[in-house]
Amino acid sequence: MSNITIISSDKNWLVHAAVEQLKSVSKLPGVVKAIGLPDLHPGKTPVGAAIITENIIYPHLIGNDIGCGMAMFMTDLEKRKLKLERLISKLSKGINNVNFDEMLLKEINQARNNQNSLGLMNKSKNSENLEEVLLQAPEYEKSISSPLGSSLGTIGGGNHFAELQETESVFDEETFSHLGFDKKQIMLLVHSGSRGYGQTILDESIKLYEAQNGLQSTSSAAKEYLSKHDNAIFWAAINRELIAYRILRALGINTHTIKLVDSSHNSVSIKECDNKLLYIHRKGASPSDAGAVVIPGSRGSLTYLVMPSDNTCISGYSLAHGAGRKCERSMCKSRLENKYTKETIKYTKFKGRVICNDNNLLFEEAPEAYKNIDTVIQSLLDFGLIKVIATFKPILTYKNN
DNA sequence: ATGTAC
């Protein structure tokens, strides 16, 4: 009997290669179940997938960007007071003007002090360990060539971004306000991860232990990986907070903000099920057993705030992490350069705008490069996995370091 | 997705 489940429908197109990748990983030793979410697409290993194992951990299934995720912050800026051109002009100057270790730590503490505690800040680790954990990345940070530089607080490339959004529709007012949302306020969504730190952790695990063969869960190698993995999860969450702080500072908006939702879609977590210890490897898959989740579409489509259902065993306790790539990166430019110039591509159909100095990336991350988020969400609804709380509309997407 | 090499 197949150990594969794919959460999809006829309307939700999936590329064959991704399904083949899912089949391939489903046959790895110790894999109990391989789940394809509706945003399943090919990567080094399948993206939009949850792989459940027993007794074995596969670092390569989580990939290099351990801890990558989506954090949504509520800003102090009211929707009615937003002046887009002014914000664009401010943000175009960049967000990083602190590049020294000591200053960086001060800045991080400032960023954290500026966030009202809803009990979310210390979710993964105690904040007292902040400096210790952050500086446990020293081998990586010190290896960065620029003097005293740090990658902490930087967005990175690829599909990473920071984006101002406004509430489009609220479908569940009670949950919306219970989570702390206020539709009058502008939201800030940050998608970033552990930068080179996670990469170093993956490289080390593969170099030392041939991670393609997996790490026996009782081995010291597995314990070492999991410990570093946890640090990367924490580091990535702080990274998103610091990015939010820097964006708001650059915009001249009150940097006091509230992080309402944050979840990582690249991680491994341990879950006890039927007296068995399961390792849930998520690669481009958000957890559906840890509260509300933000699922963005693209800069030209809506972002969804959803509440997972109580029992999501069928999807490996996971949800789609976005719309899923439809068009290969290398194909985007040629396919879209008749439709857009390098200037017109900075405008979206919602009258949103993009700040991005990388011309290729503007095309690679164009809305047309992604599937329809509404169809992806519909598949999650069809399988009874979520309830939609609200949708948000992108206003300004920032895609530089 | 990454830092680095080209």
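Throughout, a chain's letter reflects where its sequence line sits, starting with A, and its residues are numbered from 1.
Summarising the geometry, the separation between CD on A:Glu328 and P on B:dA1 is reported as 14 Å, rounded to the nearest angstrom. Atom CG in A:Leu202 sits about 11 Å away from atom C1' in B:dT2, given to the nearest Å. Here the C1' atom of nucleotide B:dT4 and the CG atom of A:Asp203 are 13 Å apart, to the nearest Å. Regarding A:Ile62, its CD1 atom lies at a distance of 17 Å from the P atom of B:dT2, rounded to whole Å. In this structure, OH of A:Tyr197 is placed 15 Å from P of B:dG3, rounded to the nearest angstrom. B:dA1 atom P lies 15 Å from atom CG of A:Asn239, rounded to whole Å. A straight line from NE2 of A:His41 to C1' of B:dA1 spans 12 Å, rounded to a whole angstrom. The distance between atom NE2 of A:His160 and atom C1' of B:dG3, rounded to the nearest whole Å, is 14 Å.
Residue pairs meeting the ring-ring contact (aromatic ring centres under 6.0 Å, His included) criterion with at least one partner in residues 262-291 of chain A, sequence neighbours excluded, are A:His191-A:His265, A:His265-A:His321. Sorted by first then second residue, the ring-ring contact (aromatic ring centres under 6.0 Å, His included) pairs that include residues 323-378 of chain A, not counting sequence neighbours, number zero.
In this structure, A:Lys44 reaches the bases: a heavy-atom distance under 4.0 Å links it to at least one base atom across the strands shown. Backbone-only contact: A:Asp65 has heavy atoms under 4.0 Å from sugar-phosphate atoms and none from a base.
Looking at A:Arg240, its side chain does come within 3.5 Å of a backbone N or O of A:Ser192 through a donor-acceptor pair.
Look at A:Arg195 and you'll find a side-chain N or O under 4.0 angstrom from OP1 or OP2 of B:dG3.
Each of A:Glu364, A:Glu365, A:His41 was evaluated against A:Arg325; a single residue qualifies, A:Glu365, per the side-chain hydrogen bond (donor to acceptor under 3.5 Å, both in side chains) test.
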